[in-house]
Undergrad: 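Questions regarding the structure given below will be posed in turn.
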Amino acid sequence: MDTTDANLSKAVNLLEQAWWLLPREDVAGEVCALVNMAIAHLVQGRHTAARDRLELAESMAAGGRDPGGLAHVHEIAGVLDWSVGEPRHALVRWQTAVSEWRALADDLGTGRCLQHLGSAAAVEPTLAAFLLDSDGPATPAEVVRQAIGWLVRAHQLDSELNYAEAHQDDLLAQLNELIEPAPPLDSLPGFDQWPLPPPDQATGCG
């Protein structure tokens, strides 16, 4: 995508035109257009406009009218929350979305959310307390190991999701600082635990 301001503005205008022209019974088409508008606004740094589009998309997709669209709304809402400095809210969005994508057997959506969650936990390990099934506080080493596993699984689901590969040296160095004896330096840990589902709370985009 060409992310210059002029081209992004043109893309938003075209999406708005398409949205207005869509038949009102095409819920999935409308939701898709709104989510793409939100993504363009995010790239522009227009967070309020992005949230407005996501809130409208969520209201249209809810109630079983567009399950895939709703999962995408929650996923992009997580990106928005992370962008505005609300990481805890972002985790809930992505936990919700990964559960929804898995229910739909959508590997691409599942992979994207695993990459969101894995990279977030690797960057800020304290967040993983909300993501790991553990009898007590997870050790920093376990946090990083599970985060890497999610990133590896994301790549297995979609080869274009290459965070684990692109950051392999940094991830291994991070893990080696936490584990004694150190694991092999030429292999990342594999996947063995799904992130916890979201807590029972509202997941609205507002």
Side-chain angles (χ1 to χ4, degrees), residues 1-101 104 106-124 127 130 151 154 157-158 160-163 166 195 198 201-206:
M1 174 187 292
D2 189 333
T3 57
T4 61
D5 288 342
N7 281 286
L8 282 170
S9 296
K10 181 178 180 180
V12 170
N13 289 336
L14 289 172
L15 286 165
E16 287 178 345
Q17 291 173 28
W19 181 66
W20 282 109
L21 291 171
L22 285 166
R24 298 300 94 174
E25 64 271 16
D26 185 3
V27 173
E30 290 196 78
V31 170
C32 181
L34 288 166
V35 171
N36 282 316
M37 276 188 261
I39 292 170
H41 287 317
L42 262 173
V43 177
Q44 291 174 311
R46 299 179 61 203
H47 297 132
T48 299
R51 196 173 299 280
D52 286 345
R53 297 300 88 191
L54 291 171
E55 287 177 349
L56 180 55
E58 182 178 37
S59 69
M60 297 183 68
R65 291 187 292 272
D66 182 12
L70 189 61
H72 204 188
V73 168
H74 290 150
E75 178 188 344
I76 302 306
V79 177
L80 172 58
D81 286 338
W82 186 271
S83 298
V84 299
E86 297 180 358
R88 180 69 187 98
H89 290 153
L91 291 194
V92 174
R93 311 286 194 197
W94 291 328
Q95 287 172 284
T96 300
V98 77
S99 296
E100 292 168 335
W101 285 129
L104 294 167
D106 189 309
D107 286 347
L108 299 182
T110 300
R112 287 195 307 272
C113 289
L114 284 175
Q115 179 156 286
H116 294 318
L117 290 166
S119 56
V123 169
E124 184 48 73
L127 296 173
F130 304 100
L151 294 168
L157 292 170
D158 181 354
E160 293 187 6
L161 298 173
N162 61 359
Y163 187 101
Q201 64 181 74
T203 58
C205 293

Undergrad: Within a strict 4.5 Å, meaning less than it, do heavy atoms of the Trp94 and Val79 side chains meet?
TA: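 Sidechains of Val79 and Trp94: in contact.
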
Undergrad: Side chains of Ser83 and His47, heavy atoms from C-beta outward: is any pair under 4.5 Å?
TA: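 In contact.
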
Undergrad: List for me each residue that meets side-chain contact (heavy atoms from CB on, under 4.5 Å) alongside Ala57, sequence neighbours excluded, and say none if there are none.
TA: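 Val31, Leu34, Val35, Val73.
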
Undergrad: So, do Leu54 and Leu80 sit near enough that their side-chain heavy atoms are less than 4.5 Å apart?
TA: yes

Undergrad: Output the distance between atom CE (Met60) and atom CD (Glu55), rounded to the nearest 0.5 Å.
TA: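 CD of Glu55 is found 14.5 Å from CE of Met60.
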
Undergrad: Quick one: pull up CH2 in Trp101 and CG in Asp106 and give me the separation to the nearest 0.5 Å.
TA: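 Those atoms lie 4.5 Å apart.
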
Undergrad: Going from CE on Met37 to CG on Leu56, what distance comes out if it is rounded to the nearest 0.5 angstrom?
TA: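 Reported to 0.5 Å precision, the distance equals 8.0 Å.
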
Undergrad: Write down the atom of Ala97, the atom of Ala71, and the distance for their closest heavy-atom approach.
TA: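 Heavy atoms of Ala97 and Ala71 come nearest at CB-O, 3.6 Å.
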
Undergrad: Thinking salt bridges, do Asp81 and Arg51 make one under a 4.0 Å N-O criterion?
TA: yes

Undergrad: Rounded to the nearest 0.5 Å, how far does NE2 of His74 lie from CZ of Arg93?
TA: 7.0 Å

Undergrad: About how many Å separate CD of Gln115 and CG of Leu157, when rounded to the nearest 0.5 Å?
TA: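 The CD atom of Gln115 is 11.0 Å from CG of Leu157, to the nearest 0.5 Å.
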
Undergrad: Quick one, Glu100 and Gln95 - any side-chain contact, counting heavy atoms below 4.5 Å?
TA: no

Undergrad: Any pair with a residue in residues 60-70 that passes salt bridge (charged side-chain N to carboxylate O under 4.0 Å, His left out), sequence neighbours left out, goes on the list, sorted by first then second residue, please.
TA: none

Undergrad: Within this structure, what is the CG-CG distance for the pair Leu161 and Leu108, rounded to the nearest 0.5 Å?
TA: 8.0 Å

Undergrad: Testing the basics here: between Asp26 and Gly29, what is the closest heavy-atom pair and its distance to 0.1 Å?
TA: OD1-N, 2.9 Å

Undergrad: Taking all non-hydrogen atoms of both residues, which atom of Glu58 and which atom of Leu70 are closest, and how far apart?
TA: CG-CD1, 3.8 Å

Undergrad: Is there a side chain to side chain contact (heavy atoms under 4.5 Å, CB included) between Val92 and His89 once you walk through the steps?
TA: CA-CA 5 Å; Val92 174; His89 290 153; 5.8 Å; no

Undergrad: Where do Ala120 and Leu91 come nearest, in terms of heavy atoms and distance?
TA: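 Closest heavy-atom pair between Ala120 and Leu91: CB-CD2, 4.2 Å.
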
Undergrad: Partners of His116 by side chain to side chain donor-acceptor pair (under 3.5 Å), sequence neighbours excluded?
TA: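 For His116, the residues satisfying side chain to side chain donor-acceptor pair (under 3.5 Å) (neighbours in sequence not counted) are Glu75.
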
Undergrad: What heavy-atom pair brings Ala61 and Gly69 nearest, and what distance separates the two atoms?
TA: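 Nearest heavy atoms, Ala61 then Gly69: CB-C, 4.3 Å.
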
